[in-house]
Amino acid sequence: MSEAPFPTFVVGSLPRPVWVRELIERRKRGEVSTAAAERVLDDAVPAAIRMQEAAGLDYVSDGEWRRESYVKVFADAVAGFEPDLIAGGRGAAYPAVTQPLRQERPIALDEARLVQRSTTRRTLAAVPSPYTIARRMWSPEHSTGAYATREDFMEACIPIINGELQRLTSLGVDAVQLDDPWLALLVDQDYRARVGIQDIKHEIEMAVQGVNGAVEGVDHSLISVHLCHAHANRRHSTRGPYDLIVEALGRMHVQRFAMEFATPDAGGIEVLRQFPDDKLLGLGVIDHTDGNVETPEVVVDRAEAAMQYVPAERLTLNPDCGFAPSSINPMDLDEAYLKLRALCAGADILKSRHRVKAARG
């Protein structure tokens, strides 16, 4: 990396204040027009950016405050979906594709423009991966008239995501992220049984093909894939180490992987023995599901444990996941700020300690 060691990233989403969550729900119900909600959010989002700056982050996002969810944002921009047809966990419902896709507006471009106007820090924008979109928003009950198989649907998503990455790159966004939690969910045997996955190798290949199709021809120096066990209300949807999927990471044509490691639900760091040696590791050092705020020393300990396997020059630091991938996720904004501040303070310790070691060496 050409920048200082241990750069700090936000994964994307931040908890929304209650009034922002209510605005998103009113917009969804049609009680507030999209245009009126956008005007209010244009004024609100810079506060999320100021919070990240105050914490000390090197890379900031808009907190995804405009989004109902990290994956539904695709259906918000692309026609062909009917809302709330697919039951999700803990009372959530998701759109299902029912007609051929037709993009109506950019997915994350307008969000990214506002972030660039609002900060001098480096910027991050996230979009869902084709595989995660296909796992979340295709169903045999509702979708076969539009796309006979989940694979067909994913293939239709790839050029749309590729185009969005091209636009974000042209805009000059410093880090682009593909959110692909559904790849990480595959490691949990109970989850696979619940959703009827029998051929895990096929699913992994779909994820690899989705990422590589999305980034094909995109001339960007820092594209990340984010992997996590998904969460709501401080509980993960799955658990288990990354052993089943770590080999696939080396076949994805991206520069960085942002991964959960602070939570016990993700298994231990020993799997990093198999982490590809040509990729950056976005190490999760903050457990967003734990209400206790980490100390900077905990951040340092977690990073130095990972450095047994991944050298400092290939290590970046982030929370395990976004704090609120869904707007209804009842996380606390002040808690998130304190955790991000601890993340950045720990990074400062690491930069000082390992700069001194390098000089002595």
Just wondering, more than 12 heavy atoms not from [X] lying within 6.0 Å of its [atom1]?
X	atom1	result
E31	CD	yes
E104	CD	yes
R102	CZ	no
D199	CG	yes

Only one of I349, D301, D348 clears side-chain contact (heavy atoms from CB on, under 4.5 Å) with P296; which?
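It is I349, the one option of I349, D301, D348 that forms the side-chain contact (heavy atoms from CB on, under 4.5 Å) with P296.
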Matching residue for L315 among V285, L280, V310 - test: side-chain contact (heavy atoms from CB on, under 4.5 Å) =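 The residue from V285, L280, V310 that satisfies side-chain contact (heavy atoms from CB on, under 4.5 Å) with L315 turns out to be V310.
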Does R256 make a cation-pi contact with F9 (under 6.0 Å, within 45 degrees of the axis)? yes
Looking at Y309, I'd like to know if the NZ or CZ of R273 sits under 6.0 Å from its six-membered ring centre while staying within 45 degrees of the ring's axis. no
Contacts of R239 meeting side chain to side chain contact (heavy atoms under 4.5 Å, CB included) (sequence neighbours excluded), chain-then-number -> D188, D265
Sequence neighbours excluded, the answer for side chain to side chain contact (heavy atoms under 4.5 Å, CB included) partners of Q189 is R192
Salt bridge (Lys or Arg N to Asp or Glu O under 4.0 Å) with E111: of R66, R67, R167, only one passes, and it is R67
Between A303 and L317, what is the shortest heavy-atom contact and its length?
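Distance-wise, the nearest heavy atoms are CB-CD2, 4.1 Å.
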Worksheet item: In terms of side-chain heavy atoms, does H354 have a donor or acceptor partner in E304 at a distance below 3.5 Å?
Response: yes
Looking only at side chains, do D179 and Q177 share a donor and an acceptor under 3.5 Å apart? yes
Short N-O contact, [X] and [Y], less than 4.0 angstrom:
X	Y	value
R29	E22	no
R251	E247	yes
R113	D110	yes
E68	R27	no
D62	R117	no
D84	K28	yes

Do H226 and F257 have their ring centres less than 6.0 Å from each other?
no
Near-ring test Y337/F323, centroid separation under 6.0 angstrom: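 No; Y337 has its ring centre 6.0 Å or more from that of F323.
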Sorted by chain and number, sequence neighbours left out, salt bridge (Lys or Arg N to Asp or Glu O under 4.0 Å) with R341 holds for none
